[in-house]
Each structure stands twice: as C-alpha cells, then as structure tokens.
Enquirer: 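Can you keep this structure in mind? I'll have questions shortly.
Position 1 is the first residue of the sequence; numbering continues from there. These values consider heavy atoms only, across backbone and side chains, with no hydrogens, waters or symmetry-generated copies.
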Amino acid sequence: MHTYDNQLFVIGGGSGGVRAARIAAGLGARVAIAENFRYGGTCVIRGCVPKKLLVYAAHFAEDFADAQGFGWTVPPAEFSWPQLIEAKNREISRLSGMYEKNLIGSRVDVMHGTARLVDAHTVAVNGQHVTAEHILVATGGAPFVPPIPGIEHAITSNEVFDLPHLPKRVLIVGGGYIAVEFAGILNGLGAKVTLCYRGAQVLRGFDDDVRMHLHGEMVKKGITVLLRQDVAHIDKRGDGSLSVAFIGAQTDSLSVDAVLYATGRAPNTQGLGLAEVGVDLDSAGGVKVNAFGQSNVPSIHAVGDVTNRITLTPVAIREGAALAHTLFGPTPVSADLTTVPSAVFSQPPIGTVGLTEAQALAQAGQIDIYSSKFRNLRHTLSGRDEQTLVKLIVDTANQRVLGAHMVGADSPEIIQGLAIAIRMGATKADLDATVALHPSAAEEFVTLRDKITRSA
Ligand code: NDP
C-alpha cells in the first residue's frame, strides 16, 4: 500500500476548498491546502463580500434623500471613494486572516503558492513535491472577456474593487449578475452609468417579469440601459478617457472614463496540469465531475466554480462539505442542490427561488400565477417612485409553489425564508394559512389572491 504525505491536498483556498479542508481535517484526515493569492477566494476577496459592502455604501445616497420626507434636514453629503475602499480592504484582510486562522486551528497544513499537478497523486508547490491520496481542485473561476480590439483598456470585477478613484462616466458591458449589481453600485455612488447588453433584456435565465421590472427601476434611478447592443472596439484618447464604438442600433459611440466588462467567468484550470494527468474538462475548461465531485481520474476531485455548474458560493460550500464526507465519512454524500435560492444585489435587489414562469409552464403544463406590484410604505413619505414586485408560481394540479420571485428592498432576506417552505413542498394553501406580518412587504406572499392560469 502507498503512503502519501497527506490524505487530501486541496488546491485553492476559496469557499469550497476551505470548507472541504476543514471538514476533512475534522473527520481525522491529514490535510494540506495551497492558495496562490489570498485565503477566502473570490467571494471574500473580490466578490460577494466586498460587493455587498459597496452596495450598502451606494444605498446611502437614496437614504439621505429619502430622510427629508421623514422630517430630517440633511446637509449635502460628501462621499470619499478612497475612504470606502480602505474600510473595505480592512474588513477583507480581517476575513482573509480568519479563514487562514480557522484552517490552522483545524490542523490543516496551510501553504502559500501555486500548486500544479505532477501526477494523479502528486502536486508541486513552490518547487516542492507533495503527495496525497486525494487531490481536490477548488481553484474557482476568473473573469472572461471577449477579445475585441481595445479590450486591454477595460477593467473587470477583479480591478473595480481597487480603483484609485471613482470614475465619473462608466460603461458596463454585460447583462448578468455582476453587470446589474455594479450598475447600481456605481450609479448610487455618483457615476454616470451606461449598461450595454447584447440581448433583448438583462438577466437572461431569470423570470421575465423580474427582468422587465428591474430594467424599469434601473432606468428610473438614472442608469442608461442599452439593449441589443455590443461593443465593437475601445480606443484610448490622449486625455485618458475611453471612446467606445458599438455594434447595434441605439448609440454609435460613447465617451467614458472606465469600461467594466462583466461578461461571465471561466473556470480557473489553465496551467494546472489537469489535462496532462488525464482529467476530462468541458469546452469551457471546467472539470467534469460526477455527483460526488469525482473526476474521471479517481484520486482527483473538484468542487465550486471550477466545475462550471452553479457558480454560487453557498453551492461551493455544500459541494466541499459533501466531498469531505464522501472521502472521509461513513457514507458517500452528494450535495443536494434542489431549489437553490439566489439573489442579485442590484438596486432594488432581487430574491428568487424555484422555477421561472417559463420553466414552470414547460415542466408542469398548467400553472397559476399570482403577482403584485406596490409601493413600499417607506416611499409613501419618501416620495420615491420605486415599485416592489412579488410573484408566485403554483402548479395548478397539486397547488405546490414552484417559484417565488421578488424585486424590492430586502427581497434576498425575504426569499431565504420562502426557500425553506418551497423546499418542504409548501402549497399555495399553506402560504394562505400563514398569518401575515404587518406592515411589511413580505406579507404580500401570504396575501396574494388574484390569479392568472396559464397552460403550455
Ligand atoms: P453572468 O453569466 O451572470 O452574465 C454574463 C453576461 O455577459 C450575460 O449577460 C451574457 O450575455 C454576457 N456576455 C457573455 N459573453 C459575452 C460576450 N462575448 N460579449 C458580450 N456579452 C457577453 O456572469 P457574471 O460575470 O455577471 O457573473 C458570473 C457568475 O458569478 C454569475 O453567473 C453568478 O453565478 C455568480 N455571481 C453571483 C452573484 C450573486 O449571487 N449575487 C453576484 C455576482 C456573480 P447572454 O445573456 O447573452 O449570454
């Protein structure tokens, strides 16, 4: 029998890798982990956490304005981008340090450096060969940018968190999570924002009413949204500004101070040596794994964004935990990813769980749709013209709730609770039987009465 330096070697110290390492160590395994940037990964360092901090920062602009409707006299507010970034950096460093400390506290051998596969049981880190019975690839993803002329002048979500100044005029390219979230952030902080998306409506894959509603609210907040339009090329002018030429009908060109590309992310597998040791990759470079996170090479596993499936932090965490239990626990565990809720921290934010109307119609054949649009109580005094949307999709035949969607303040907080009910198989009657919590926006979900029935 072989003896290895470790029972598990984890490549990548992000959400999935760290969770797998700590649980495996807790189950008694000898574990080492290597990270070549900062412990915490995309979510902690340049994703979910700093993004949400920036969302809070941006929202103050509306809070100051709304306060006047409640009797406050607010002096003109001033915003300092460097001060925000410095505060954000302090918190990110604290969190990253916690990740590392927790790993050490779990008796994981923590390494700093780039790991590469040498063979199915060996990795090279900082010129040293380390062997392991199992190797977990948890290297996440990185921004993808299309190779258009002048793309070198654009930034991505990797750079936007550390810009020295807030750009005055920004073009955001893409219509997904990152694009609409940063449109809200940069607009709230005072930049003139234009979002340009190649498709017919932002947030492809979300419920159509949600997409339309968010679009309307973004426009009301002063964001210019260009649809069916893409960038042809970007040129840098002598004064440092950027001139963007478009393909598409609405605008020919635009002058901005920054172009932020948010055109998706690709799995981080280049240079890892995966193909060389025979690991199957998909067309985007993602590691192909079975339901237990195992690749076609039995000792090599992968979790999280590098597998190019559901690229959400809580999913990577689930997959990492499941893998550790599979390898070192009594029975194999597969992450249960039914009814994964998700949020888009746009302004206003989106919370969603379950099927969209189109998906539900295709799956159930006949559905009941309940929806409501209203102005939050807060805005009766603030005077702000912001509408909240709530929508429920119910299977006509068995009355089970198939999807719940909301666009409006606090919707991610509200949808988390509904996700539990939907996962447990709640019916419309269960929601109706639940006493409302008044006055709240959430109570709409238990008071919806008017339905539209649709058949496929
Ligand atoms: P998304 O996949 O969400 O969106 C990518 C966008 O870029 C789409 O609108 C897509 O258009 C467009 N696009 C893709 N390729 C091109 C191209 N060549 N030219 C022009 N446009 C293009 O990716 P993001 O980068 O926004 O985010 C990556 C992932 O990270 C998300 O999918 C999500 O899983 C995760 N994430 C989650 C967050 C959250 O939970 N709140 C926040 C941020 C990220 P089309 O629709 O036509 O394909």
Enquirer: Looking at side-chain heavy atoms only, is the closest gap between M212 and Q201 below 4.5 Å?
Expert: yes
Enquirer: In the structure I gave you, are the side-chain heavy atoms of L272 and I11 within less than 4.5 Å of one another anywhere?
Expert: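 SC-SC contact between L272 and I11 confirmed.
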Enquirer: For V340 and I310, work out which heavy atoms get closest and say how close.
Expert: CG2-CD1, 4.2 Å
Enquirer: Take Q347 and V55 through the test side chain to side chain contact (heavy atoms under 4.5 Å, CB included) and record every step on the way to the result.
Expert: CA-CA 8 Å; Q347 305 209 10; V55 169; 3.9 Å; yes
Enquirer: Is any NZ, NE, NH1 or NH2 atom of the basic residue among E159 and R46 found under 4.0 Å from an Asp or Glu carboxylate oxygen of the other?
Expert: no
Enquirer: Considering only residues two or more places apart or on different chains, which pairs with a residue in residues 329-357 satisfy salt bridge (charged side-chain N to carboxylate O under 4.0 Å, His left out)?
Expert: D336-R423, E357-K391, E357-R454
Enquirer: Using a strict 4.0 Å threshold on nitrogen-to-oxygen distance, state whether K428 and D395 make a salt bridge.
Expert: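 D395 and K428: not salt-bridged.
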Enquirer: Between atom CG of L171 and atom CG of L242, what is the distance when rounded to the nearest 0.5 Å?
Expert: 9.5 Å
Enquirer: For residues T269 and G285, report the shortest heavy-atom separation together with the two atoms involved.
Expert: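 Where T269 meets G285 most closely, the heavy atoms are OG1-O, 2.7 Å.
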Enquirer: Scan residues 412-436 for pairs that pass ring-ring contact (aromatic ring centres under 6.0 Å, His included), counting only residues two or more places apart or in two chains.
Expert: none
Enquirer: Looking at OG of S93 and CD1 of I45, how far apart are the two atoms once the value is rounded to the nearest 0.5 Å?
Expert: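 So the gap between those two atoms works out to 7.5 Å.
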Enquirer: If you compare all heavy atoms of S15 against all heavy atoms of C43, which two are closest, and at what distance to 0.1 Å?
Expert: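 Nearest pair, atom of S15 first, then C43: OG-CB, 3.9 Å.
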Enquirer: I need the L418 CG to E413 CD distance, nearest 0.5 Å.
Expert: 13.0 Å
Enquirer: Less than 6.0 angstrom separating the ring centers of F345 and Y56, yes or no?
Expert: no
Enquirer: What pairs of residues pass the salt bridge (charged side-chain N to carboxylate O under 4.0 Å, His left out) test when at least one of them lies in residues 433-449, not counting sequence neighbours?
Expert: D432-R449
Enquirer: Is a salt bridge present between E386 and K220, judged by a nitrogen-to-oxygen distance below 4.0 Å?
Expert: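 Salt bridge absent between E386 and K220.
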Enquirer: Would you please test H213 and Q387 for side chain to side chain contact (heavy atoms under 4.5 Å, CB included) and show each step?
Expert: CA-CA 8 Å; H213 190 87; Q387 295 278 311; 3.7 Å; yes
Enquirer: Would you call I172 and T194 a side-chain contact if the rule is heavy atoms closer than 4.5 Å?
Expert: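 Counting from C-beta outward, I172 and T194 never come under 4.5 Å.
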Enquirer: Filter on salt bridge (charged side-chain N to carboxylate O under 4.0 Å, His left out), then keep only pairs touching residues 169-190, sequence neighbours left out; what's left?
Expert: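 As it turns out, the salt bridge (charged side-chain N to carboxylate O under 4.0 Å, His left out) pairs with a partner in residues 169-190, which skip direct neighbours, are K51-E181, R169-D257.
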Enquirer: Using a strict 4.0 Å threshold on nitrogen-to-oxygen distance, state whether E100 and R38 make a salt bridge.
Expert: no
Enquirer: Does F79 CZ have over 12 foreign heavy atoms under 6.0 Å away?
Expert: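 Yes - once you tally the heavy atoms of other residues, nucleotides and ligands closer than 6.0 Å, there are more than 12.
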Enquirer: In terms of side-chain geometry, is the basic nitrogen of R90 or E86 positioned less than 4.0 Å from the acidic oxygen of its partner?
Expert: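 Salt bridge flag = yes for E86 with R90.
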Enquirer: Restricting to non-hydrogen atoms, name the atom on A419 and the atom on V353 that form the minimum distance, rounded to 0.1 Å.
Expert: CB-CG2, 3.8 Å
Enquirer: Would the F206 and Y177 ring centres measure less than 6.0 Å apart?
Expert: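 Between Y177 and F206, which both carry aromatic rings, the centre distance is below 6.0 Å.
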Enquirer: For residues L136 and G17, report the shortest heavy-atom separation together with the two atoms involved.
Expert: CD2-CA, 4.4 Å
Enquirer: Between the side chains of R94 and E91, is the shortest nitrogen-to-carboxylate-oxygen separation below 4.0 Å, so that they form an ion pair?
Expert: yes
Enquirer: Please examine the side chains of L392 and I369, heavy atoms only from C-beta on, and report whether any two atoms are closer than 4.5 Å.
Expert: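 Answer no - side chains too far apart.
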Enquirer: Does P167 reach the side chain of V170, with side-chain heavy atoms less than 4.5 Å apart?
Expert: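 Yes. Closest side-chain heavy atoms under 4.5 Å.
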Enquirer: What residues, two or more places apart in sequence or in another chain, satisfy side-chain contact (heavy atoms from CB on, under 4.5 Å) together with P314?
Expert: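 Testing P314 for side-chain contact (heavy atoms from CB on, under 4.5 Å), a comparison that skips the adjacent residues, returns L312.
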Enquirer: For L437, is the CG atom crowded, meaning more than 12 foreign heavy atoms sit under 6.0 Å from it?
Expert: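 No, because the 6.0 Å sphere around CG of L437 holds 12 heavy atoms or fewer from other groups.
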Enquirer: With sequence neighbours excluded, tell me which residues meet side-chain hydrogen bond (donor to acceptor under 3.5 Å, both in side chains) with T313.
Expert: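 Partners of T313 by the side-chain hydrogen bond (donor to acceptor under 3.5 Å, both in side chains) criterion come out as none, since no residue qualifies.
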Enquirer: Does N268 reach the main-chain N or O of G141 with its side chain, forming a donor-acceptor pair under 3.5 Å?
Expert: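 Answer holds: yes.
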Enquirer: Would you check if H325 and L27 make a side-chain contact, meaning some heavy-atom pair closer than 4.5 Å?
Expert: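 A side-chain contact exists here, since the closest heavy-atom pair is under 4.5 Å.
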Enquirer: Identify the heavy atoms of M218 and A183 that sit nearest to each other, and give their distance.
Expert: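 Looks like CE-CB, 3.9 Å.
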Enquirer: Can you confirm whether the side chains of D305 and T311 place a donor and an acceptor under 3.5 Å from each other?
Expert: no
Enquirer: When you look at L186 and L166, which way does the side chain to side chain contact (heavy atoms under 4.5 Å, CB included) test go after all the steps?
Expert: CA-CA 8 Å; L186 298 172; L166 176 69; 3.7 Å; yes
Enquirer: Does R378, at its CZ atom, have more than 12 non-hydrogen atoms belonging to other residues, nucleotides or ligands within less than 6.0 Å?
Expert: yes
Enquirer: What distance do I415 atom CD1 and S342 atom OG have between them, rounded to the nearest 0.5 Å?
Expert: 10.0 Å
Enquirer: Would I300 and V137 count as a side chain to side chain contact (heavy atoms under 4.5 Å, CB included) here? Give the steps.
Expert: CA-CA 7 Å; I300 299 179; V137 180; 4.1 Å; yes
Enquirer: Does atom NZ (K101) have a neighbourhood of more than 12 heavy atoms from anything else shown, all under 6.0 Å?
Expert: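 No, NZ of K101 has 12 or fewer neighbouring heavy atoms, counting only those of other groups under 6.0 Å.
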Enquirer: Distance from N290 atom CG to T326 atom OG1, nearest 0.5 Å?
Expert: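 So the gap between those two atoms works out to 9.0 Å.
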Enquirer: Within the 4.5 Å heavy-atom criterion, are S295 and H301 side-chain neighbours or not?
Expert: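 Contact flag for S295/H301 side chains = no.
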